Amino acid sequence: MKSSNLLSIGLVGGFLLAILFLAVGSLATEWRFPALLPERYTFEHWEAWFQKKAWMYYLVLSLLLSAAVSITAVCLGLMTASGLSRDKRSFLWLRLSYLPYGLSPVLYAYSMQFFYHISGLAGTWLGVYLAQLILVYPFAVVLFFTYFDSSMHHLEDQAGSLGASRAVVFQSITLPILRRPVQTILIQLFLVSWFDYGITSVIGSGQLKTLTLIVYQYIGESNLIYSSLASCILMAPPMILWLLQPSRSTKQDIPV
Amino acid sequence: MQLFNFTWSRAFFLLLGVLPSVAGLVYSFLYSIGGTGALSTGWTGRYWLNLVEEKAFWISLGLSTLIALAVSLLSGWASIQLVLRWKSQLERPWSAPLLRLPMLFPPIVAAFIGYQWLSNSGLLARLAFLFGWIKEPEAFPALVNSSNQLGIFFTLFTLQLPLFCLFSWHQFKEAKVEQYLEQAAILGASKRQQHWTIAVPILWSRMKPTMLLYGVFLFGAYEIPLVLGQPYPGMLSVFLHNKFSRFDLQEIPVAYAGTLVYALLVFGVTLYFFKTPNRWADE
């Protein structure tokens, strides 16, 4: 019992320590081997980062990109799952939704790169938006599928037989029931897009920078301070969401 | 009375959800047999032959399979053992959010932290120096960018274990394992028997689909092996990415052939295991 307690503390503590490590790293002036902690701390790097217009521009664009991808995918996924779940062979559609996950995102991007080049979308924000949407949309369908079960169909049909139009059924039956799942799935898809590196680096053709690519650039330059700083910013949205909804447990935690 | 009728949903799904993947795979196939591409001179099987003859490809494939299996199975097994020991703690409201902590880490950040902690001038090496176990950074065992791939394994395992604990805990509740254990205790089963002959087999068989699904994700891991692995041959995604981005254009059709092998392998394994639900109930 004691050893498992130690392990639990170690496991959870390790992740909290990792977050602390990033914060300390971003405030360090110098942090060379064998020092366990930096010699001095400064806010200079943070100030410099936020004063640099180009970085702020990429930060805002990264946020907008992920917001656009997740909102579109949720809307489309909701509508598609609503229709497909009515089919007797719905399991087939569900299985097809897993198709993009057969490849890792970076290889998926390479397999489709040609189409982005000929359409002139490679290296553009629209191209990256579309590529990310194509990746997360089937995921949205899979996630919403579980909620369109027979009881949901029954409720929708009952409202329909009482004379409600499609829009009214959706607005007053489907959406209120799915309010929490919609929020959760929106957050999940936002994070998939926000964390993406492979698709943006391939379809963006090195011409676009999102925050993940900036982190990788700093890692490549062996710049500990700015890698930590950009990592802190990259982790800020999921961290805020985590702190805001600490005890939420949803169906989506369970993949199968 | 759904918002979108079935015909529209199907058409839309096929267009946005299925067509791009299929088009990508068809294009990859055409490229790999010389049907298209910058240096295409007509249909040929030599790129496939090059791939099959390339030793590094098989090493990459084996390495990815090994790491995916090791991380998935070991973290699955460890999560079951931990959940059975942590039962009382897991009931507490803060345990689930804490186990979700790894989800906050983008793979690229996890890779960065893995590097900063495990490299020979990293945090662990500094601690080892502080305790006098090593005299210089080079004396610290090579965990990152080394052929033993331990840095990749540790990082993926650490990210996976808490999530698997969450899933195992869900299965523990869903399968009502506690009730089985109580019944077994009434019938005289020892703690050891309850653990190994009842709880572990139930959870293991229920965790298998999750382990497979995550095994597939781990097989395609990219950012973590990119930062923590060896540049060559590396895990499969990194190996193929390197081929795609090399200046030698002759490598690109080979990379497309490799991508197809990867896709077929994943589809084959997934289809085989998900075809009949009974396949999971063997044990």
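Computed from a predicted model, the values in this text were never measured in an experiment. In what follows, every chain begins at residue 1, and chains take the letters A, B, ... in the order their sequences are listed.
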(message) Is Val227(B) in contact with chain A via its backbone, its side chain, both, or neither, using a 4.5 Å heavy-atom distance?
(response) side chain

(request) Check whether Leu16(B) gets within reach of chain A through its side chain, its backbone, both or neither, counting any heavy atom under 4.5 Å. (result) both

(request) Sort Thr36(B) into side chain, backbone, both or neither according to what part of it lies under 4.5 angstrom from a heavy atom of chain A. (result) neither

(message) Is Leu159(B) close to chain A through its backbone or its side chain, or both, or neither, when contacts mean heavy atoms under 4.5 Å?
(response) both

(request) Kindly say whether the aromatic ring centers of Phe172(B) and Trp86(B) come within a distance under 6.0 Å. (result) no

(request) Report yes if the side chains of Val83(B) and Phe164(B) come closer than 4.5 Å at any heavy-atom pair, otherwise no. (result) no

(message) Tell me which of these, Pro107(B), Ser245(B), Ser237(B), has more heavy-atom pairs under 4.5 Å with chain A than the rest.
(response) Ser237(B)

(request) Among Leu99(B), Thr259(B), Ile108(B), Val266(B), single out the residue with the greatest number of heavy-atom pairs under 4.5 Å to chain A. (result) Ile108(B)

(message) Between Ser85(A) and Phe145(A) (side chain of the first, backbone of the second, donor and acceptor by atom type, cut-off under 3.5 Å), is there such a pair?
(response) no

(request) Answer with side chain, backbone, both or neither: which region of Ala110(B) has an atom nearer than 4.5 Å to a non-hydrogen atom of chain A? (result) neither

(request) Name the region of Leu14(B), side chain, backbone, both or neither, that has any atom closer than 4.5 Å to a heavy atom of chain A. (result) side chain

(request) Could you tell me which portion of Trp31(A) (side chain, backbone, both or neither) has an atom closer than 4.5 angstrom to a non-hydrogen atom of chain B? (result) both

(message) Between Val18(B) and chain A, with a heavy-atom cut-off of 4.5 Å, which part of the residue counts as in contact: side chain, backbone, both or neither?
(response) both

(message) Shorter than 4.5 Å, heavy atoms on both sides: which option in Phe217(B), Tyr115(B), Phe219(B), Trp117(B) has the most such pairs with chain A?
(response) Trp117(B)

(request) Classify the side-chain pair Tyr147(A)/Thr174(A) by whether it contains a donor and acceptor separated by less than 3.5 Å. (result) no

(request) Flag the pair Tyr214(B) / Phe167(B) as yes when their ring centroid distance falls below 6.0 Å, and as no otherwise. (result) yes

(request) Please flag which part of Phe15(A) lies under 4.5 Å from any non-hydrogen atom of chain B: side chain, backbone, both or neither. (result) both

(message) Donor-acceptor check, side chain of Ser161(A) to backbone of Gln158(A), threshold 3.5 angstrom: yes or no?
(response) yes

(request) Please flag which part of Phe129(B) lies under 4.5 Å from any non-hydrogen atom of chain A: side chain, backbone, both or neither. (result) side chain

(request) Could you tell me if the ring centre of Tyr256(B) sits under 6.0 Å from that of Tyr110(A)? (result) no

(request) Please tell me if the side chains of Met103(B) and Pro238(A) come closer than 4.5 Å, counting only heavy atoms from C-beta onward. (result) no

(message) Which one wins on heavy-atom pair count under 4.5 Å against chain A: Ala128(B), Gly17(B), Ala255(B)?
(response) Gly17(B)

(message) Is Phe21(A) in contact with chain B via its backbone, its side chain, both, or neither, using a 4.5 Å heavy-atom distance?
(response) side chain

(request) Using distance alone, with no hydrogens and no angle criterion, decide if Tyr137(A) and Thr80(A) have a side-chain donor and acceptor under 3.5 Å apart. (result) yes

(message) Under a plain distance cut-off of 3.5 Å, with no hydrogens placed, do Ser66(A) and Gln132(A) share a side-chain donor-acceptor pair?
(response) no

(message) With chain A as the partner, which of Ala263(B), Gly220(B), Pro20(B) has the greatest number of non-hydrogen pairs under 4.5 Å?
(response) Pro20(B)

(request) Report the option among Gly258(B), Pro137(B), Ser28(B) that has the most heavy-atom pairs separated by less than 4.5 Å from atoms of chain A. (result) Pro137(B)

